[in-house]
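All of these numbers come straight from a predicted model, not from anything done at the bench. Letters A, B, ... are given to chains in the order of the sequence lines, protein chains preceding strands, and every chain is numbered from 1.
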Amino acid sequence: MRRERFLGVALGTFLIAIGLGASWSVASDQPPEGKIASVAVRLYLTEGSLPTDDPNAASWNAIQPSEFNLAPQVHWPDRIQEVTVKTVKVRGMHNGQDLAVMVEYEDPTESPADAAALEFMVGDQKAHFAHGQEMIQVEGGPVNIWYWKKADGKGTDMSAKGFKTIRAQDQQDVSATGVWQGGTWRVVFSRPLATGDEHDVQITPGEWRSIAFAFWDGELVDGEAREKGSQKAVSSWWSVRAEPTPDNSMYGYVVLGIAIAAGFEFFLVRKIRRGNHA
Amino acid sequence: MKNPLAKAGILLVGMYVFLKFILPQFTAPLPASLIFLYLALTFAASTIFFTMSGAGLEDFMGPVGRFLTGEGQSGIAGTARILVFLVFPLLVGWQTYTKLAPSDAPPAENRTIHPAPPGEFVGLANPFPKTQDNIMMGKGLYAAFCSPCHGANFDGKGPAAPGFNPPPANFSDPGTIAQLQEAYLFWRIKKGGVGLPIEGMPWKSAMPRWEFELPDDWIWKIIMGEYDGAHQSPRTWEEEEEE
């Protein structure tokens with residue numbers, strides 16, 4: 001009688017395990033369709049040096065870009081209602097030491113005042129995407145801005161916390177280079193993952209950070225740049241993550257799971273057989 | 001159909017077909033986690049039901065036991081037995097893999113779209129009468145200041161809208177301003193995205209803090225124009241009292 005009860009429980013457990021597995025697999029949701037824009041930038045893990053000086057390097061083209069829509073900056077004055085850059089393709093890679101992010105966007109004219117910028121939250125504190133401006137109910141943090149302008153020919157590492165507080169940092173860690181070809185800018189920003197500067201975003205492989213974008217079409221119209229200062233194309237926050245080094249220990253757990261399941265089967269059958277022969 | 005095991009199987013398949021295909025004809029499709037929960041409950045319940053008595057236990061478990069030990073089996077049953085023994089550990093392995101495999105998706109953010117307003121904005125009434133003049137002025141101000149994002153048709157599809165995350169509110173959707181009082185809109189327009197509490201994720205919102213640029217009178221008239229243009233009515237105290 002006791003043995004029978006044990007067999008019942010063991011068999012029941014087995015059936016429940018199979019039943020749960022089967023219902024879990026038939027119940028899985030399909031991924032939503034029709035989503036065009038991305039939500040995150042992935043910095044692919046590669047080996048060796050990064051193509052920081054060459055926006056047209058073959059290794060860039062091998063990466064599947066993320067794509068984000070941009071809006072005219074209408075959040076604060078001076079606003080702009082129409083901007084040149086409507087979308088941006090973003091590719092990224094890192095080698096465990098340094099990272100590189102390449103933005104690709106359409107701009108029909110090449111001008112000295114053409115510019116591009118990446119923006120990041122710094123540390124754990126949330127910061128408003130508009131230069132870390134003050135939030136009324138939430139204590140906000142600063143932002144780190146990586147700025148590139150064609151005329152400068154270099155990247156500038158900047159900080160801001162609120163409007164009119166943007167300034168170049170004392171410790172410059174960002175490099176940038178841009179190439180314009182047939183109506184398309186490709187600008188590569190690069191930096192060490194970790195800088196040791198508290199004003200910078202620190203990128204740790206496997207951890208998510210927030211990123212936003214801004215672009216200026218510097219084409220001269222009546223002697224003035226078409227877009228400058230707060231008149232630019234912007235995005236709000238999206239996510240970015242440097243790919244972590246693959247963790248192979250999980251395959252050990254998979255093998256362990258298979259072994260435990262197989263062992264369970266073996267002992268279950270043995271127990272039932274013994275019960276039947278008792 | 002006497003075999004309780006077969007009955008339980010039919011019940012389970014029937015439940016799945018009902019939840020997945022028949023129920024969505026009448027209501028929204030069920031999320032996978034809920035279907036899974038219902039199937040697990042059905043399975044557990046039928047197992048308990050059919051094994052309540054000693055005889056029931058033998059009827060229910062007997063065939064399973066014979067299947068597992070392979071007693072007197074040949075042909076298809078024998079092959080099926082081997083398949084089950086192979087598939088079960090693989091299923092466990094697959095489950096382990098999917099639980100441990102690193103995800104490429106950023107962590108989900110549960111943003112509250114209409115968080116509670118600060119106390120000083122609760123219960124304010126629009127000081128302007130709903131005259132044609134006031135509505136027209138409100139619509140004019142809306143066209144100048146709000147339509148770039150919220151759209152000339154009040155549908156959240158203005159030219160600047162596609163770049164923002166979260167997207168600008170669609171006022172013609174019955175789930176937005178129709179659910180809110182005018183005082184709520186007054187707060188949201190006056191203080192903007194940066195006025196949101198933490199659950200509203202103020203750091204992502206592009207809504208300007210209009211108190212720096214627009215007088216209160218204009219804001220009240222914009223609200224009037226917004227409701228009129230979107231063919232919605234504000235939620236009022238009177239309606240709630242009637243309920």
Side-chain angles (χ1 to χ4, degrees), chain A residues 4 7-8 11-12 15-21 23-29 39-40 42 69-72 74-77 81-82 126-129 133-138 140 206 208 233-239 241 244 247 250 253-255 257-258 260-262 265 268-269 272-273 276, chain B residues 12 16 20 31-33 35-36 39-40 43-44 47 51 54 57 61 64-65 68-71 84-85 88-97 100-102 104-107 118 148-149 159-166 191 193-198 201-209 213:
Chain A
E4 246 173 52
L7 281 179
L11 274 174
L15 284 177
I16 285 169
I18 288 203
L20 288 182
S23 28
W24 172 81
S25 45
V26 293
S28 296
D29 275 321
V39 296
R42 180 174 175 175
N69 289 321
L70 300 160
V74 290
H75 181 61
W76 75 97
Q81 302 291 340
E82 178 75 33
K126 297 292 184 186
H128 195 278
F129 77 87
Q133 69 157 303
E134 188 197 1
M135 296 179 278
I136 300 171
Q137 301 194 51
V138 178
W208 290 99
V234 294
S235 81
S236 42
W237 292 119
W238 298 102
S239 296
R241 188 179 72 151
D247 177 12
M250 76 173 189
Y253 290 108
V254 170
V255 170
I258 291 174
I260 289 173
E265 287 179 338
L268 181 67
V269 169
I272 297 170
R273 280 198 177 133
N276 289 349
Chain B
L12 210 57
Y16 176 70
K20 182 83 183 176
S33 54
I35 293 183
F36 170 69
L39 287 182
F43 184 80
T47 307
T51 58
L57 182 68
M61 294 301 188
V64 180
L68 291 181
T69 52
E71 265 171 40
V84 166
F85 279 129
F88 175 63
L90 290 179
L91 202 64
V92 172
W94 173 247
Q95 282 266 28
T96 316
Y97 175 78
L100 292 179
D104 276 342
C149 292
F164 291 119
N165 164 43
K191 298 294 178 184
V194 295
L196 289 165
I198 193 159
M201 302 191 176
W203 50 87
K204 297 179 106 175
S205 172
M207 176 77 184
R209 187 174 174 179
E213 297 171 71

Shortest non-hydrogen contact from [X] to [Y]?
X	Y	result
Val74(A)	Cys149(B)	CG2-SG, 3.5 Å
Trp203(B)	Ala127(A)	CB-O, 3.2 Å
Pro202(B)	Val138(A)	CG-CG2, 3.7 Å
Leu100(B)	Tyr253(A)	CD1-CB, 3.5 Å
Phe85(B)	Glu265(A)	O-OE1, 2.9 Å

Could you grab the distance from atom [atom1] of [X] to atom [atom2] of [Y], nearest 0.5 Å is fine?
X	Y	atom1	atom2	result
Leu68(B)	Leu268(A)	CG	CG	6.0 Å
Gln137(A)	Ile198(B)	CD	CD1	10.0 Å
Leu70(A)	Phe164(B)	CG	CZ	9.5 Å
Met135(A)	Lys191(B)	CE	NZ	15.5 Å

Quick check for you: among Phe129(A), Trp237(A), Trp238(A), which has the greatest number of heavy-atom pairs under 4.5 Å with chain B?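 Most heavy-atom pairs under 4.5 Å with chain B: Phe129(A).
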With chain B, which of Pro77(A), Gly140(A), Pro244(A) has the greatest number of heavy-atom pairs at distances under 4.5 Å? Pro77(A)
Residue part contacting chain B, namely of Glu82(A), when any heavy atom lies under 4.5 Å: neither
What part of [X] is in contact with chain A, defined as an atom under 4.5 angstrom from a non-hydrogen atom: side chain, backbone, both or neither?
X	answer
Thr69(B)	both
Met207(B)	backbone
Ala105(B)	backbone

If we only count heavy atoms from C-beta on, is the Gln81(A) to Pro159(B) side-chain gap below 4.5 Å? no
Just wondering, do Val92(B) and Ile260(A) contact through their side chains at under 4.5 Å, heavy atoms?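 No. Closest side-chain heavy atoms not under 4.5 Å.
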Counting heavy-atom pairs under 4.5 Å to chain A, which of Ala160(B), Pro106(B), Gly93(B) comes out on top?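 Heavy-atom pairs under 4.5 Å are most numerous for Pro106(B).
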Counting heavy-atom pairs under 4.5 Å to chain A, which of Ala161(B), Pro107(B), Pro118(B), Pro166(B) comes out on top? Pro107(B)
Where the side chain of His128(A) meets the backbone of Ser205(B), is there a donor-acceptor pair that is under 3.5 Å apart?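 Yes; judged by distance alone, with no hydrogens or angles, the pair exists.
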N/O donor-acceptor pair under 3.5 Å between Ser236(A) side chain and Asn165(B) backbone: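 Yes, the answer is positive, given that a donor and an acceptor are paired below the 3.5 Å cut-off.
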